[in-house]
Asks: 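First, the structure itself, so that you have it in front of you.
In what follows, chains carry the letters A, B, and so on, assigned in the order in which the sequence lines appear, proteins first and then strands, with residues in each chain numbered from 1.
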There are 2 protein chains.
Amino acid sequence: MSKPDAGPAEPVRRMRRAERREQILDAATRAFARAGYAATGLDNIAAEAELTRAMLYRHFDSKAALYRAVLDRACARLAEATGGDDYDDDAIPALLRAAGADPDGFRLLFRHAAREPDFRELIDTITDASREVARRNLARRIPAGPWLDWAANLVPAFTLEAVIAWLDADRPDPEQAAARIAAAVHGVIAAAQPAAQSAVLSAGLSAREAS
Amino acid sequence: MSKPDAGPAEPVRRMRRAERREQILDAATRAFARAGYAATGLDNIAAEAELTRAMLYRHFDSKAALYRAVLDRACARLAEATGGDDYDDDAIPALLRAAGADPDGFRLLFRHAAREPDFRELIDTITDASREVARRNLARRIPAGPWLDWAANLVPAFTLEAVIAWLDADRPDPEQAAARIAAAVHGVIAAAQPAAQSAVLSAGLSAREAS
DNA sequence: CTACATGTATACTTTGCCTTCTACAAGTGG
DNA sequence: CCACTTGTAGAAGGCAAAGTATACATGTAG
């Protein structure tokens, strides 16, 4: 009934400390990305890393510390991949590169961590910055008021949704994706402008009739 | 040191069972909407409802049962307010009405419940339906393939983001909001079409130059 | 008046999961 | 060979939050 012991049964991969740490962070990122902090047990992470729970504690003080390390790394990678906080023509391609390079981390940050009260602070710096950048850019075309607030919240949120949808669609053609997302963002901005009533709205109506 | 007992000190609101149940659901919706299922304790809910924890158990068997009741009610209200699953000119105004009538429930459903493994089934019927409706409509303009998948995921997600952003911006002018969201959706759809390379992209470029 | 539904208050039990501890095995560098 | 690191396996502790129990108070309907 016991295992026939097929050969040496995998001689247990040993790694040096730093290497193992990274491997644990990889596994933890995958595990947390599936269900978020609360719904992910250390057992899940240990299984994902193919290690015992005890080993996790030789690298991290607590579940919360591990999670912070995961989020910090994801944030750092994102910050590095996207460069500065400015919004230029490379912003969307950079975002796609970042998401493509670390899809689990990307999803974890924006689908889960952003909603978790105990950890949202870690990424609020990012989201706050994007909102402010968006607000500054939009302020040239939209008068201060509720619609500016609306657009300044919506544009970054939409961009992230578009990137995640691109990940979910198996990341087709990054260049084309960047162009499409940029165009879509533009459509959203156009709809947020005061002129929307005449120009864009009527375009929307005629297009809807055509459908 | 004890309270000076300022008068009758509120004679304790008594309610009939059904009425109290609804009031608990209201309070629980608010509480859960702040932090989601895991991060919200029964004490938070009891405090929000101005009741003791014990009373919650006279109306609901467990925390999970209470949460399900909350989500079920929010789903039911949403389904009722939006009518059928079809997408017509009234779809977006209906969504705005629904969100405005039950903002906490709306946010709870789409910001938290949609990400919670144990409960996402409850609203997956809704999100799956929207995605399929979007896919059918988009299939007329976008050939089957990854970009259709992308757009079919993105359009409903964007619409929800736009509605939530509208809630966050203190719900300015519902009619104008509907028009702007419809126009924005159109911009997104246009960007998802194959023609995007020529028409919309160049529009995006020229607009970017103008900024 | 009486019975019951509604409510408070608080102490207690249970449970799940994080966290710690102990014992042992095996690869690696000096 | 020896010290050290990396690893397994599993038991046991601890704590926060869910869930249960009991005693008592008070409107309200029959």
Asks: Mind calculating the distance between CD1 (I45(B)) and C1' (dG19(D)) to the nearest angstrom?
Replies: 14 Å
Asks: What residues, two or more places apart in sequence or in another chain, satisfy ring-ring contact (aromatic ring centres under 6.0 Å, His included) together with W147(B)?
Replies: W150(B)
Asks: Measure the distance from CZ on R21(B) to P on dA5(C) and round it to the nearest whole Å.
Replies: 17 Å
Asks: If I take atom CE in residue M15(A) and atom C1' in nucleotide dA26(C), what distance separates them, rounded to the nearest angstrom?
Replies: 16 Å
Asks: Which listed nucleotide (dG7(D), dA9(C), dT6(C)) is nearest to the side chain of M55(A)?
Replies: dG7(D)
Asks: What is the minimum heavy-atom distance between V70(A) and A28(A), and which atoms define it?
Replies: CG2-CB, 3.7 Å
Asks: For dT5(D), does the base pair up with any side-chain atom of R14(A) as donor and acceptor (N or O, under 3.5 Å, distance only)?
Replies: yes
Asks: Please list, for nucleotides 13-18 of chain C, all pairs of protein and nucleotide N/O atoms separated by less than 3.5 Å.
Replies:
residue, atom, partner, partner atom, Å
dC18(C), OP1, K63(A), NZ, 3.2
dC18(C), OP2, L42(A), N, 3.4

Asks: Would you indicate what R20(A) reaches in the nucleic acid, counting non-hydrogen atoms under 4.0 angstrom: base, sugar-phosphate, or nothing?
Replies: sugar-phosphate
Asks: Does some side-chain heavy atom of H59(A) sit less than 4.5 Å from a side-chain heavy atom of R17(A)?
Replies: yes
Asks: Within the structure shown, what part of the strands sits under 4.0 Å from R58(A) by heavy-atom distance: base, sugar-phosphate, or nothing?
Replies: base
Asks: Let me know the distance between CZ of F60(B) and P of dA18(D), rounded to the nearest Å.
Replies: 16 Å
Asks: For L56(B) and dG19(D), give me the distance from atom CG to atom C1', rounded to whole Å.
Replies: 12 Å
Asks: How many Å lie between CZ on R17(A) and P on dT28(C), as a whole number?
Replies: 18 Å
Asks: Work out how much the helix from dC1(C)-dG30(D) to dG30(C)-dC1(D) bends between its end axes, five pairs an end, to the nearest 10 degrees.
Replies: 10°
Asks: Let me know the distance between CD of E50(A) and C1' of dG7(D), rounded to the nearest Å.
Replies: 14 Å
Asks: Determine: side-chain N/O of T52(B) to OP1/OP2 of dA9(C), distance under 4.0 Å, yes or no.
Replies: no
Asks: dG7(C), dA9(D), dT10(C): which one has an atom nearest the side-chain heavy atoms of A54(B)?
Replies: dT10(C)
Asks: Identify whether the distance between the nearest side-chain nitrogen and carboxylate oxygen of R73(B) and E80(B) falls below 4.0 Å.
Replies: no
Asks: Would you kindly give the CG-to-C1' distance between L51(A) and dT8(D), to the nearest whole Å?
Replies: 10 Å
Asks: Would you say the side-chain atoms of Q23(A) pair up with the backbone N or O of A49(A), donor to acceptor, closer than 3.5 Å?
Replies: yes
Asks: Taking all heavy atoms of C75(B) and all of L122(B), pick out the closest pair and write down the distance.
Replies: SG-O, 3.9 Å
Asks: If you look at every heavy atom in Y87(B) and A91(B), which pair is closest and at what distance?
Replies: CD1-CB, 3.5 Å
Asks: Is it true that D104(A) and R111(A) have a side-chain N and a carboxylate O under 4.0 angstrom from each other?
Replies: no
Asks: Looking at E22(B) and R16(B), is there a salt bridge between them, counting it only when a charged N and a carboxylate O are closer than 4.0 Å?
Replies: no
Asks: More 5' along DNA chain D: R16(B) or A64(B), using each one's nearest nucleotide?
Replies: A64(B)
Asks: Check this for me, if you would: do R97(A) and D90(A) make a salt bridge, where the nitrogen-to-carboxylate-oxygen distance has to be below 4.0 angstrom?
Replies: yes
